[in-house]
J.: 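Here's a structure for you.
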2 protein chains.
Amino acid sequence: MCNCHKVHHFRHLKEGCPGFRMEKFVQPCILLLLYERPAHGYELMERLQRCGFSGNVDPGVVYRNLRKMEEEGWVKSEWESSESGPARRRYIITPEGEDAIHGFAVHVRYQMERLKGFLDKYEKIFGNGEGNSN
Amino acid sequence: MCNCHKVHHFRHLKEGCPGFRMEKFVQPCILLLLYERPAHGYELMERLQRCGFSGNVDPGVVYRNLRKMEEEGWVKSEWESSESGPARRRYIITPEGEDAIHGFAVHVRYQMERLKGFLDKYEKIFGNGEGNSN
DNA sequence: TCCTCTATATGTTGTATGCATATAGCTGTT
DNA sequence: AACAGCTATATGCATACAACATATAGAGGA
């Protein structure tokens, strides 16, 4: 059982093991997915879900971040009239977006170090989850 | 050199390698520090700095989070009239705060997995930093 | 016709960060 | 005694983002 449900003091954010937000982390993920292959927003939502974004991926977050990244010049989009279903916006990554991925990767690595620093200290004090069983 | 400085597309957040925020992560860190030993806010700022929080730790963030955690019941505080310097608020962690640490640890571990998922994919595509040397 | 699925977009709200600033007591210096 | 500097806590403001709800619209099937 997820430990966080023992701690019922989290009020805001009803779901998804709160306390930490999805945050700006969608952007590097989307960029990496687009680097793998171009896609439209709806497809990205599905792929994000399989990509560690637990539960529901909010459409608003995805589309707004795509827009923002297009403003940044990290992605480009063009309307694609599909033969089945409504028209959709096909996004591709730009060279600048590729640069951004590398920049993000550095930060992600840095963030991981911080989290690791916390967990190391935590496990040093409380042990490796033994005192944690339910 | 930090790769992020090559990427000059970050507009918001002038400093500290932006794109990721310090976020709610201060709370688990503070709780763990208080578990080690009780402290007042000013001391926590210094210890946080040594604890992975690069650069400047904002007093506002620390004091506000201490207040919030006191509302949650995770910490308690009492005024302490020191013989040298102004009075200060001494914080101690409560049993509920200790519970919260365990809850946070689960989330931190979960977050780390997400970041690791990104980095694994990233390194699988771009290699282990070779294509990254300045 | 109506419903559902695909697909994109926007409005609102709550909350957090980052920065600046206010306040105040104590200490050492000139 | 006045002043600057350090310790210590607190608050106001602008910005930004997540989360949620909702709007729009085309296509296909019952």
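Lettering follows sequence order; numbering is per chain, from 1.
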J.: Looking at residues at least two apart in the chain, or sitting in another chain, which of them share a side-chain hydrogen bond (donor to acceptor under 3.5 Å, both in side chains) with B:Thr94?
T.: B:Glu96

J.: Output one line per pair: protein atom, nucleotide atom from nucleotides 1-11 of chain D, and distance, for all N/O pairs under 3.5 Å.
T.:
residue: D:dA8; atom: OP1; partner: B:Arg88; partner atom: NH1; Å: 2.3
residue: D:dT9; atom: OP1; partner: B:Arg89; partner atom: N; Å: 2.6
residue: D:dT9; atom: OP1; partner: B:Arg89; partner atom: O; Å: 3.2
residue: D:dT9; atom: OP2; partner: B:Gly41; partner atom: N; Å: 3.1
residue: D:dT9; atom: OP2; partner: B:Tyr42; partner atom: N; Å: 2.8
residue: D:dT9; atom: OP2; partner: B:Tyr63; partner atom: OH; Å: 2.8
residue: D:dA10; atom: OP1; partner: B:Arg67; partner atom: NH2; Å: 2.7
residue: D:dA10; atom: OP1; partner: B:Arg89; partner atom: NE; Å: 3.2
residue: D:dA10; atom: OP1; partner: B:Arg89; partner atom: NH2; Å: 3.4

J.: Tell me whether the side-chain N/O atoms of B:Lys68 come closer than 4.0 Å to OP1 or OP2 in C:dT15.
T.: no

J.: Would you please name every residue forming a ring pair (Phe, Tyr, Trp, His ring centres under 6.0 Å) with A:Tyr42, sequence neighbours left out?
T.: none

J.: List for me each residue that meets ring pair (Phe, Tyr, Trp, His ring centres under 6.0 Å) alongside B:Tyr63, sequence neighbours excluded, and say none if there are none.
T.: none

J.: Please state how far atom CG in A:Leu44 lies from atom C1' in C:dA9, giving the value in whole angstrom units.
T.: 16 Å

J.: Which residues pass the salt bridge (charged side-chain N to carboxylate O under 4.0 Å, His left out) test with B:Glu43, sequence neighbours left out?
T.: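 Listed in chain order: B:Arg37, B:Arg47.
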
J.: Does the distance from a Lys or Arg side-chain N to an Asp or Glu carboxylate O, for A:Lys124 and A:Asp120, drop under 4.0 Å?
T.: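 Answer for the salt bridge query: no.
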
J.: Is the phosphate of C:dT17 approached by B:Asn65 (side-chain N or O, under 4.0 Å from OP1 or OP2)?
T.: yes

J.: Just the rounded figure in Å: distance from C1' of C:dA7 to CZ of A:Arg47.
T.: 16 Å

J.: Report the residues that fulfil side-chain hydrogen bond (donor to acceptor under 3.5 Å, both in side chains) with B:Glu80, sequence neighbours left out, ordered by chain and then residue number.
T.: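 By the side-chain hydrogen bond (donor to acceptor under 3.5 Å, both in side chains) rule, B:Glu80 matches B:Arg88.
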
J.: In whole Å, I'd like the distance from the CD atom of A:Gln111 to the P atom of C:dT17.
T.: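 Taking CD of A:Gln111 and P of C:dT17, I get 12 Å after rounding.
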
J.: To the nearest Å, give me how far apart CE (A:Met69) and C1' (D:dC17) are.
T.: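 One finds 14 Å between C1' of D:dC17 and CE of A:Met69, rounded.
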
